Structure formats: structure tokens, C-alpha cells
Amino acid sequence: MSSGQRDAGVSNPAHVAIIMDGNGRWAQMRGLPRQEGHRRGLDALRRTVRNASDLGIQVLTLYSFSTENWRRPYAEVSFLMGLLKHFVEKDLAELSAANVRVRIIGSRDDLAADLRRLVEHAETSTRANTGLVLVIAFNYGSRDEIMRATRRLAADAVAGRIDPAAIDEAAIARQLDTHDLPDPELVIRTSGETRISNFLLWQAAYAEFIFAPVMWPDFDRAAFEDALAQYRQRDRRFGGLSAPSDRSVGVA
Ligand code: IPE
Ligand code: IPE
Ligand code: MG
């Protein structure tokens with residue numbers, strides 16, 4: 001298959017990023033506390049990791065706590081912190097056995113020391129794994145990420161380590177939390193909301209977006225496959241022109 005065909009959306013994306021939204025509404029619709037929605041959201045996360053591996057996705061990024069989510073009531077914020085801790089403590093061995101490499105993106109400065117250590121341990125202990133790369137965006141916000149990257153570049157410039165004229169797109173990308181990851185080709189948001197909410201603004205510059213009505217706890221294999229099928233129908237032009245038929249006229 002030529003790369004032109006691949007860009008036309010024939011094959012599955014290598015990197016899928018998901019804004020896991022709708023836990024609260026899922027619970028509310030059933031008369032349950034929001035926390036129950038988050039618990040069921042964790043089940044959906046586990047299921048999605050297995051499905052992604054199974055479907056041959058190479059990188060799966062999951063937005064699980066944004067820099068804006070601190071605005072929620074203290075009880076909900078601490079529940080979500082606890083849920084991440086629980087997930088890493090409980091699932092790390094199984095993930096590692098499944099050859100999953102774990103990466104966490106987002107700011108670590110505001111995290112409690114024990115959570116920070118846990119996150120570091122998840123990354124270092126799975127570093128050599130060669131299967132699915134599972135990226136958890138936790139305390140992540142794109143603007144915060146770009147701000148942190150800019151500060152580092154500015155500090156390097158002031159210290160004379162880098163010439164400002166040499167700061168190109170690649171130099172910026174190298175400073176982002178995602179420096180070792182490819183850009184996502186597909187971003188899925190569940191719950192029917194049609195906004196980005198500060199997720200991967202730089203990296204998703206040319207991603208395809210799918211806004212699925214399903215609430216995150218109900219996101220299953222069929223919903224995942226449906227999103228991938230939609231992706232394969234997309235015509236990705238990257239500012240150029242559609243591939244094959246126009247080419248038949250030839251270029252002089
Ligand atoms: C997504 O579900 C989980 C997080 C943002 C942490 P929500 O908690 O945003 O659920 P809704 O959007 O209120 O339904
Ligand atoms: C986006 O969902 C963040 C995560 C899924 C972690 P939100 O529920 O926080 O987004 P808004 O507030 O509806 O934009
Ligand atoms: Mg939400």
C-alpha cells in the first residue's frame with residue numbers, strides 16, 4: 001500500500017486519542033452518584049485498552065483529568081485522584097504482562113508525592129515493553145503543556161544553549177510531554193459534546209475528529225470499531241488535494 005493510500009484513510013490509525021466524557025451524565029441518568037459513573041468509566045477504560053491492543057492500535061491516549069477539572073468539588077477531585085492511584089496499583093502488573101508501555105502526560109507538579117512516585121514507577125517499570133503504548137493524560141491541559149515547553153525554550157535561549165532563530169516546529173514538539181509519541185490521527189470524544197476542552201491542541205492539528213453520542217461508561221467494542229470505520233472513510237488532505245483520481249491527468 002502506498003503512503004498516499006494510507007493518508008487517504010484506508011488503514012486504521014496508529015494513534016487514537018480519546019476524550020472520555022460523560023461519566024457524570026451516565027450516572028445521573030440512572031439516579032446514581034457521579035462517582036459511580038467514574039467507577040464504570042474505569043471499566044470502560046480497561047475494556048478500551050484491551051480492544052485497542054486487539055485492533056492493532058499502536059498508541060492509545062486517554063484524557064482522564066484536565067487542568068480545568070480542579071474546578072470540580074473537592075470530593076470529586078480527590079475521588080478521581082484515588083481512582084488513578086487504584087488503577088495504577090491494581091492494573092500495572094497485568095498491563096505489563098500484556099506488554100503495554102505506560103506513559104503519563106500532564107503536569108506532575110500539583111500531584112501528591114505518592115501519586116507522582118506511582119506514576120513514575122508505572123513509566124519506568126514498563127519502559128521496555130513493546131506492545132500498545134498507553135498514554136494517560138492526567139492533570140493535562142494543552143495550554144499548560146505549551147506554556148511549560150515555552151518556559152524551557154526561553155530558559156535555554158537566555159542561557160545561550162539555543163539560538164531563538166533555530167526554534168522550529170520540531171524543537172517545540174521536542175519540549176512537549178508527547179516528545180516521544182507520534183501525533184494522533186484520530187481523536188474521539190464521547191458524550192456528544194463537540195469541543196476539544198484543551199486536549200492535544202498542538203498534536204491534533206491534522207487529526208480527524210469523531211464526536212460519538214455514547215456516554216463513556218457505555219463505550220464498547222462496537223462503538224470503537226464504528227469510530228475506526230468512520231475514520232477510514234475520511235479523506236485526509238493535509239492542505240493538499242485528494243489522492244488518486246485527480247492524479248490521472250498527470251503533472252506536466
Ligand atoms: C468524564 O466524565 C470524566 C472526567 C472529566 C474526569 P465527566 O465527569 O465530565 O462526566 P459529565 O460530562 O459530567 O457527564
Ligand atoms: C474533558 O471533559 C476532560 C476529560 C475528559 C478528562 P470535561 O467534562 O472536563 O470537559 P468540559 O468541561 O465539558 O469542557
Ligand atoms: Mg464532562
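For ligands, and for the atoms within them, numbers begin at 1 and follow the listed sequence. Nothing here was measured: the structure is a model prediction, and the numbers come from that model. Reckoned from all heavy atoms, side chains included, excluding hydrogens, waters and symmetry mates.
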- [ ] Identify which of M20, R71, R189 has a heavy atom lying nearest to atom 2 (O) of ligand 2.
- [x] R189

TODO: Would you mind telling me if ligand 1 is within reach of the side chain of E193, the backbone, both or neither, using heavy atoms under 4.0 Å?
DONE: neither

TODO: Considering the heavy atoms of F65, write down every atom of ligand 2 situated less than 4.0 Å from one of them.
DONE: 6 (C)

- [ ] Indicate, as side chain, backbone, both or neither, the part of S191 found under 4.0 angstrom from ligand 1 when only non-hydrogen atoms are considered.
- [x] neither

Task: Shortest heavy-atom approach to atom 11 (P) of ligand 2 - which of G24, G41, S197, G22 - done: S197

TODO: Could you tell me whether R72 approaches ligand 1 through its side chain, its backbone, both or neither, with non-hydrogen atoms closer than 4.0 Å?
DONE: side chain

Task: the Mg ion (ligand 3) reached by D21 (N, O or S, under 2.8 Å) - done: yes

TODO: State yes or no: are the ring centers of Y140 and F65 separated by less than 6.0 Å?
DONE: no

Open item on the list: With nothing but distance in play, are any N or O atoms of D21 less than 3.5 Å from an N or O of ligand 1?
Closed with: yes

- [ ] Could you tell me whether R143 atom CZ has more than 12 heavy atoms of other residues or ligands within 6.0 Å of it?
- [x] no

- [ ] Run the salt-bridge test on E36 and R39 with the 4.0 Å N-O cut-off and return the result as yes or no.
- [x] yes

Open item on the list: Checking contacts here: is it the side chain or the backbone of M215 that comes within 4.0 Å of ligand 1, counting heavy atoms only? Could be both or neither.
Closed with: neither

Open item on the list: Only heavy atoms of L80, strictly under 4.0 Å: list the atoms of ligand 1 that pass.
Closed with: 6 (C)

TODO: Provide the number and element of each atom of ligand 2 under 4.0 Å from a heavy atom of S64.
DONE: 6 (C)

- [ ] Please indicate whether any nitrogen or oxygen in N69 is less than 3.5 Å from any nitrogen or oxygen in ligand 2.
- [x] yes

Task: Within-4.5 Å side-chain heavy-atom neighbours: R234 and I210 - done: yes

- [ ] Answer yes or no: is there an ion pair linking D220 with R47, defined by an N-O contact shorter than 4.0 Å?
- [x] no

